> 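Sharing a structure below in structure tokens format, with a few things to ask.
In this chain, numbering begins with 1 at the start of the sequence shown. Only a predicted model underlies this, so the values are computations on that prediction, with no experimental measurement involved.
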Amino acid sequence: QVQLVESGGGLVQAGGSLTLSCARSGRTFSSRIMGWFRQAPGKEREFVAAITWSSGNTNYADSMKGRFTISRDNAKNTVYLQMNYLKPEDTAVYYCAAGSLSTDVPGDYAYWGQGTQVTVSS
């Protein structure tokens with residue numbers, strides 16, 4: 001099993017920044033890819049970004065490029081999502097996920113955190 005715990009969500013004004021963290025523990029060998037997804041009320045879960053632990057290679061949803069940055073700290077076993085120039089439409093629950101394939105499909109990720117709420121006010 002892999003355990004993922006997100007933190008860092010909150011309320012921020014439009015144009016502001018937030019950094020989310022996801023701490024990983026457990027069978028880390030089965031979670032070589034870490035991803036961030038988000039889900040707004042009434043909408044499907046949406047891919048944000050993914051990173052490969054070993055190489056640091058990253059993958060972003062087109063709409064997130066330039067504003068969001070995913071990174072990892074191997075020593076802390078933690079993945080981050082730096083979000084800049086936030087917009088009200090970025091309001092969602094943000095989830096950290098772990099899997100073996102770097103894809104944008106939620107079903108390809110076997111492990112999920114509990115989610116953290118991000119609310120962007122206009």
> Would you say F68 and L86 make side-chain contact, with heavy atoms under 4.5 Å?
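SC-SC contact between F68 and L86 confirmed.
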> Hey, is the main chain of S100 close enough, under 3.5 Å, to the side chain of R32 for a donor-acceptor pair?
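At least one qualifying donor-acceptor pair exists.
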> Measuring centre to centre across the rings, with the benzene-like ring taken for any Trp, is F37 within less than 6.0 Å of Y109?
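Yes.
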> Would you confirm whether E6, through its side chain, and C96, through its main-chain N or O, come within 3.5 Å as a donor-acceptor pair?
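At least one qualifying donor-acceptor pair exists.
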> For A40 and A92, which heavy atoms make the closest approach, and how far apart are they?
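Heavy atoms only, the tightest pair is N-CB, 3.8 Å.
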> Using only atom types and a distance under 3.5 Å, with no angle test, would you say the side chain of R72 pairs donor to acceptor with the backbone of W53?
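Side chain of R72 to backbone of W53, a donor-acceptor pair under 3.5 Å: yes, one is there.
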> Using atom types as modelled and distance alone, determine if a side-chain donor or acceptor of S55 lies under 3.5 Å from a backbone N or O of N57.
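Answer holds: yes.
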> Check the pair Y94 / M83 against side chain to side chain contact (heavy atoms under 4.5 Å, CB included), numbers first and verdict last.
CA-CA 11 Å; Y94 283 71; M83 305 183 293; 3.7 Å; yes
> Hey, does T116 have a side-chain heavy atom less than 4.5 Å from the side chain of V93?
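No. Closest side-chain heavy atoms not under 4.5 Å.
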> Determine whether I33 and M64 fall in the same hydrophobic cluster, where Ile, Leu, Val, Met, Phe, Trp and Tyr are linked whenever their side-chain heavy atoms lie under 4.5 Å apart.
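No, separate clusters.
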> Kindly compute the distance separating OG1 (T69) from CG (L81), expressed to the nearest 0.5 Å.
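If we round to the nearest 0.5 Å, T69:OG1 and L81:CG are 8.0 Å apart.
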> Check for a donor-acceptor pair, side chain of Q82 on one end and backbone N or O of T19 on the other, with a separation under 3.5 Å.
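Judged by distance alone, no pair lies under 3.5 Å.
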> Between D90 and K87, does the salt bridge (Lys or Arg N to Asp or Glu O under 4.0 Å) criterion hold? Intermediate values first, please.
CA-CA 5 Å; D90 293 319; K87 307 173 184 179; over 6 Å; no
> Output the distance between atom OG (S25) and atom CD (Q1), rounded to the nearest 0.5 Å.
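Rounded to the nearest 0.5 Å, the OG-CD separation comes to 10.5 Å.
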> Could you walk me through whether T78 and D73 satisfy the side-chain hydrogen bond (donor to acceptor under 3.5 Å, both in side chains) test, starting with their C-alpha distance in whole Å, then the side-chain angles of each, then the deciding distance to 0.1 Å, before giving a yes or no?
CA-CA 5 Å; T78 300; D73 185 327; over 6 Å; no
> Whether the S121 and Q13 side chains hold a donor-acceptor pair (N or O, under 3.5 Å, no angle test) is what I'd like checked.
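Short answer, no.
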> Just by distance, do the side chain of Y85 and the backbone of G66 share a donor-acceptor pair under 3.5 Å?
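Checking the backbone N and O of G66 against the side chain of Y85, no donor-acceptor pair under 3.5 Å is found.
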> Do you know which two heavy atoms are closest between N84 and S17, and how far apart they sit?
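Looking at all heavy atoms of both residues, the closest pair is OD1-OG, 2.9 Å.
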> Report the distance from atom CG of N59 to atom CD1 of I70, rounding to the nearest 0.5 Å.
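Those atoms lie 9.0 Å apart.
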> Does the ring of Y95 carry R38 above it, NZ/CZ under 6.0 angstrom from centre and within 45° of its axis?
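No, R38 and Y95 do not form such a contact.
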> So, T103 side chain and D108 main chain: donor-acceptor pair closer than 3.5 Å or not?
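Side chain of T103 to backbone of D108: no pair is present.
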> Just how far is it from atom CG of L4 to atom CH2 of W112, taken to the nearest 0.5 Å?
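Nearest 0.5 Å value for the CG-CH2 distance: 10.0 Å.
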> Under a plain distance cut-off of 3.5 Å, with no hydrogens placed, do N77 and R24 share a side-chain donor-acceptor pair?
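Yes, a side-chain donor-acceptor pair sits under 3.5 Å.
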> Grouping I, L, V, M, F, W and Y whenever their side-chain heavy atoms are under 4.5 Å apart, do Y80 and F47 come out in a common cluster?
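Each belongs to a different hydrophobic cluster.
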> Does some side-chain heavy atom of D104 sit less than 4.5 Å from a side-chain heavy atom of E46?
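No - every pair of side-chain heavy atoms lies 4.5 Å or more apart.
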> Closer than 3.5 angstrom, by distance alone: can the side chain of S63 be matched with the main-chain N or O of A61 as a donor-acceptor pair?
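Checked: no pair found.
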> Would you confirm whether S31, through its side chain, and A98, through its main-chain N or O, come within 3.5 Å as a donor-acceptor pair?
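No, S31 side chain to A98 backbone: no donor-acceptor pair under 3.5 Å.
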> Report yes if some heavy atom in the side chain of T119 is under 4.5 Å from a heavy atom in the side chain of V12; otherwise report no.
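Contact flag for T119/V12 side chains = no.
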